[in-house]
Asks: 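Below: one structure in structure tokens.
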There are 2 protein chains.
Amino acid sequence: MGHEYTMIKTSKVTIKEVAKDAGVSVGTVSRVLAKTAEVKQPLRERVNRSIIKLKYKPNLAARALRANHVNVIGLMVPDITNPYFAQVANLLESEASKKGYALILASSHGDVNHEARQFSALLDHSPKGIVLIPTSDTIKMELPKNIRISILDRPLAEMNAIALDQGKSSALAADHLVELGHRKIAYIAGPHDIQTSIEREAGFSNRIAELQSKNDSIELTIFRGQFDYTSGEAIARDILSLVQSKRPTAIAAASDQQAIGAIRAATDMGVSVPNEVSVIGFDDIVLAELLVPRLTTIRQPVYDMVIEALDQILGRDDSICNQRYMGELIVRSTTAAV
Amino acid sequence: MGHEYTMIKTSKVTIKEVAKDAGVSVGTVSRVLAKTAEVKQPLRERVNRSIIKLKYKPNLAARALRANHVNVIGLMVPDITNPYFAQVANLLESEASKKGYALILASSHGDVNHEARQFSALLDHSPKGIVLIPTSDTIKMELPKNIRISILDRPLAEMNAIALDQGKSSALAADHLVELGHRKIAYIAGPHDIQTSIEREAGFSNRIAELQSKNDSIELTIFRGQFDYTSGEAIARDILSLVQSKRPTAIAAASDQQAIGAIRAATDMGVSVPNEVSVIGFDDIVLAELLVPRLTTIRQPVYDMVIEALDQILGRDDSICNQRYMGELIVRSTTAAV
DNA sequence: ATGTCAATATGAATCGTTTCATTTATATGA
DNA sequence: TCATATAAATGAAACGATTCATATTGACAT
């Protein structure tokens with residue numbers, strides 16, 4: 001198994017040498033490089049030949065110094081090991097690289113102070129823009145106005161923001177469970193200080209309230225935790241240890257990770273999913289389809305949202321735009337009729 | 001819920017203004033900034049006061065132009081949604097940021113040509129170094145010698161490389177299954193063109209061969225696929241559709257994702273894990289502990305490996321170093337005695 | 001008081017681009 | 001054919017930091 005790599009000497013070819021080789025001025029070479037500017041055909045070709053011949057590659061630092069920004073986009077996530085954020089990173093990296101932008105990844109690790117520091121460090125790199133998934137609604141950092149920011153997944157007013165219509169999307173889960181005949185329902189909410197989380201919870205409980213007006217036997221209990229696996233597991237454990245008569249027949253979670261934790265707990269306690277308790281998640285992370293059993297959930301149109309974020313950052317129109325998307329119910333195997 | 005952010009005007013404070021404010025030369029300010037150089041106490045303080053007063057922040061692009069490199073580390077992974085690579089990214093980002101380095105994330109999406117292009121783009125950003133998890137053993141790109149490269153998870157000779165002793169670690173899985181009494185064993189291997197994959201397979205089958213010399217009733221069948229979920233699922237489906245008498249009682253996989261896919265398949269086919277078939281994975285991704293049932297696997301010391309990679313890039317010693325680590329057997333609930 | 005040496009501070013050159021004010025070449029119309 | 005308008009190419013300044021050769025200062029010995 002031979003390794004096919006070659007060592008190269010550090011090519012230190014500058015625009016000046018290209019200019020000399022082609023017998024033109026540096027300005028002309030620069031204008032050939034910036035495809036938009038006018039250079040006549042013969043000269044342009046001569047320059048291009050020299051560029052290829054000398055293997056010239058522009059120095060991004062010099063360019064950045066002049067232009068005041070680099071072809072780089074920043075992405076700040078609370079935690080890259082969260083499959084939902086990893087998926088965002090994956091799509092963003094892929095789409096950005098198609099357009100010639102690199103991605104700087106920063107993680108707030110769920111800490112607002114660390115987030116502020118990381119954000120400031122990100123800014124120092126003069127990126128073209130930053131896609132920010134805030135760790136909570138209280139943002140501690142100062143937002144620059146020369147660098148475009150697109151807030152993902154957390155609707156902040158007066159900013160470029162992209163998020164689900166959390167309320168309506170969450171209502172889909174409520175509808176689904178009630179249609180299946182569930183009348184005792186538990187909801188595992190996310191943290192109180194995140195708007196997204198509040199909206200999901202409100203959307204769910206409001207829809208249940210509507211349905212109650214037609215069918216007053218529906219009971220809803222709300223529990224609150226973090227968005228992660230362990231929180232879902234702990235809460236589900238509480239829920240399922242209620243006596244049979246009071247125990248809910250369905251659990252809706254504000255995230256797939258909570259739902260996965262809940263299934264984990266149910267299985268440990270000998271409660272069968274979906275026979276004895278139905279579980280529905282939120283996000284549709286890749287894993288949802290690979291679980292045993294496969295997870296019923298609400299899918300976010302992540303691809304569309306990432307494309308929109310990129311557009312808010314790279315597009316020429318810098319008007320503020322607050323987009324809302326609609327979730328989609330994906331029925332799999334963790335929900336069933338009572 | 002008030003949003004606590006403030007808009008700031010683009011502070012365009014340069015070293016020159018700091019110098020003027022403090023009444024010193026730009027050179028002096030620069031030397032105050034570079035903590036190492038000698039500037040006498042009173043002056044140094046005066047400069048520092050001005051820096052704080054004017055909120056001066058150095059321009060990284062200008063610095064990069066002079067110094068020929070940026071405080072940035074590149075990371076190239078085959079796929080960031082793979083939980084193992086996400087964990088590497090998470091740790092690397094975290095450790096690098098402690099040392100003042102940002103992380104540029106690039107993904108090869110499993111394509112060697114794309115990998116080469118992305119690598120070259122990474123190089124253009126003049127990072128201090130690059131941590132590379134190659135998508136296969138045949139590297140198509142030219143490796144620079146002025147930028148340090150640390151190859152993770154794929155041992156390439158004559159390069160800084162960090163990897164598990166795949167063979168010995170894999171043998172742990174073989175030992176475990178045989179100790180549990182399994183005599184008909186299937187192995188789901190990874191792709192043929194990755195050294196890592198070959199070594200894991202060889203380590204497993206060699207250990208089985210050793211054990212056969214004492215106990216000739218052990219049978220091993222090897223199947224080959226990709227490292228991902230779906231490949232594991234498809235192969236497991238083949239394995240488990242064998243007639244009862246020929247069907248293996250244990251499946252060892254070359255990755256946790258394959259193992260998860262295999263459990264998925266078993267469950268779909270009504271084969272109980274671990275009662276009717278044991279499954280063991282490799283990597284110990286975060287998810288392994290959250291699955292139902294929890295996955296028995298071989299853990300990689302990812303943290304140690306990431307620290308070592310950073311050291312190979314940032315450390316002062318630029319001798320080539322080819323480190324091997326040992327995996328650890330983590331027994332959970334997907335393996336049981338026959 | 002003067003010369004010497006070391007310790008500090010200075011300022012100009014430099015890194016590799018882009019861009020803008022000029023100059024030079026080309027085409028158009030009278 | 002010449003003046004004029006337009007297009008194309010040039011060259012130097014600028015971006016903001018670092019660094020090195022030079023200048024300044026102060027202390028000490030003569």
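Order of the sequence lines sets the chain letters (A, B, ...), proteins ahead of strands, with each chain counted from 1. Just so you know, these numbers use all the heavy atoms, side chains as well, and skip hydrogens, waters and symmetry mates.
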Asks: For the pair made of CZ in Arg63(A) and C1' in dA14(D), what is the distance, rounded to whole Å?
Replies: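 It is 17 Å, rounded to the nearest whole Å.
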Asks: Please evaluate the base of dA8(D) for a donor-acceptor partner in the side chain of Arg31(A) within a cut-off of under 3.5 Å?
Replies: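 Side chain to base: no pair present.
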Asks: In whole angstrom, give the distance that lies between atom CG of Asn71(B) and atom P of dA17(D).
Replies: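 My rounded result for the distance is 15 Å.
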Asks: Choosing from dA9(D), dA17(D), dT18(C), which nucleotide comes nearest the side chain of Leu33(A)?
Replies: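 Of the options given, the side chain of Leu33(A) lies nearest dT18(C).
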Asks: What about Arg66(A), does its side chain sit under 3.5 Å from the base of dT17(C) through a donor-acceptor pair?
Replies: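 No pair found.
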Asks: Got a donor-acceptor contact below 3.5 angstrom from the Asn48(B) side chain to the Arg44(B) backbone?
Replies: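 Checked: pair present.
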Asks: dT10(D), dG16(D), dG11(C): which one has an atom nearest the side-chain heavy atoms of Ser25(B)?
Replies: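 From the listed options, dG11(C) comes nearest.
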Asks: Quick one: which of dT17(C), dA9(C), dT10(C) gets closest to the side chain of Val24(B)?
Replies: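 When the side chain of Val24(B) is considered, dT10(C) is the closest of dT17(C), dA9(C), dT10(C).
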Asks: Without swapping roles, check the side chain of Glu308(A) against the backbone of Ile162(A) for a donor-acceptor pair under 3.5 Å.
Replies: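 No; judged by distance alone, with no hydrogens or angles, the pair does not exist.
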Asks: In terms of the nearest nucleotide of DNA chain C, which residue is placed more toward the 5' end: Ser30(A) or Lys40(A)?
Replies: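 With Ser30(A) and Lys40(A) compared, the 5'-side residue is Ser30(A).
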Asks: Both Gly27(B) and Ala62(B) contact DNA chain D. Taking the nearest nucleotide for each, which residue is further toward the 5' end?
Replies: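 It is Ala62(B) whose nearest nucleotide is closer to the 5' end.
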Asks: Quickly work out the Asn68(A) CG to dT17(C) P distance and round it to whole Å.
Replies: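 Asn68(A) atom CG is separated from dT17(C) atom P by 17 Å.
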Asks: Between dA8(D) atom C1' and Gln41(A) atom CD, what is the distance in whole Å?
Replies: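 Going from Gln41(A) (CD) to dA8(D) (C1'), I get 14 Å.
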Asks: Considering residues, nucleotides and ligands other than Lys128(A), do more than 12 of their heavy atoms fall under 6.0 Å from its NZ?
Replies: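 Check passes, neighbour count above 12.
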Asks: Please work out if Thr28(B) contacts a base, only the sugar-phosphate, or nothing of the nucleic acid, heavy-atom cut-off 4.0 Å.
Replies: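 Base contact.
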Asks: Roughly, in whole Å, what's the span from CG in Leu65(B) to C1' in dT18(C)?
Replies: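 The distance from CG of Leu65(B) to C1' of dT18(C) comes to 13 Å, rounded to the nearest Å.
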Asks: Which whole-number value in Å describes the distance from Lys16(A) NZ to dG11(D) P?
Replies: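 Between P of dG11(D) and NZ of Lys16(A): 13 Å.
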Asks: Is it true that Asn113(B) and Lys140(B) share a donor-acceptor pair across their side chains at a distance under 3.5 Å?
Replies: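 Yes, because at least one side-chain N or O of Lys140(B) sits under 3.5 Å from a partner of the opposite role on Asn113(B).
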Asks: Applying a 4.0 Å non-hydrogen cut-off, can you work out what Leu60(B) is touching in the nucleic acid: base, sugar-phosphate, or nothing?
Replies: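 Nothing: the residue Leu60(B), judged by heavy atoms under 4.0 Å, touches no strand.
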Asks: So, applying side chain to side chain donor-acceptor pair (under 3.5 Å) with Thr14(A), which one of Glu17(A), Lys16(A), Lys12(A) is it?
Replies: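 Considering Glu17(A), Lys16(A), Lys12(A), a side chain to side chain donor-acceptor pair (under 3.5 Å) with Thr14(A) is found only for Glu17(A).
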Asks: Give one of base, sugar-phosphate or nothing for Val29(B), where a contact means two heavy atoms less than 4.0 Å apart.
Replies: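 Counting heavy atoms under 4.0 Å across all strands, no contact is made by Val29(B).
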Asks: Please state how far atom NZ in Lys20(A) lies from atom P in dT10(D), giving the value in whole angstrom units.
Replies: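 Lys20(A) atom NZ is separated from dT10(D) atom P by 15 Å.
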Asks: Under 4.0 Å, counting only non-hydrogen atoms across every strand here, what does Thr14(A) touch: a base, just sugar-phosphate, or nothing?
Replies: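 It contacts sugar-phosphate atoms only.
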Asks: Let me know the distance between CG of Leu43(B) and P of dT24(D), rounded to the nearest Å.
Replies: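 The distance from CG of Leu43(B) to P of dT24(D) comes to 17 Å, rounded to the nearest Å.
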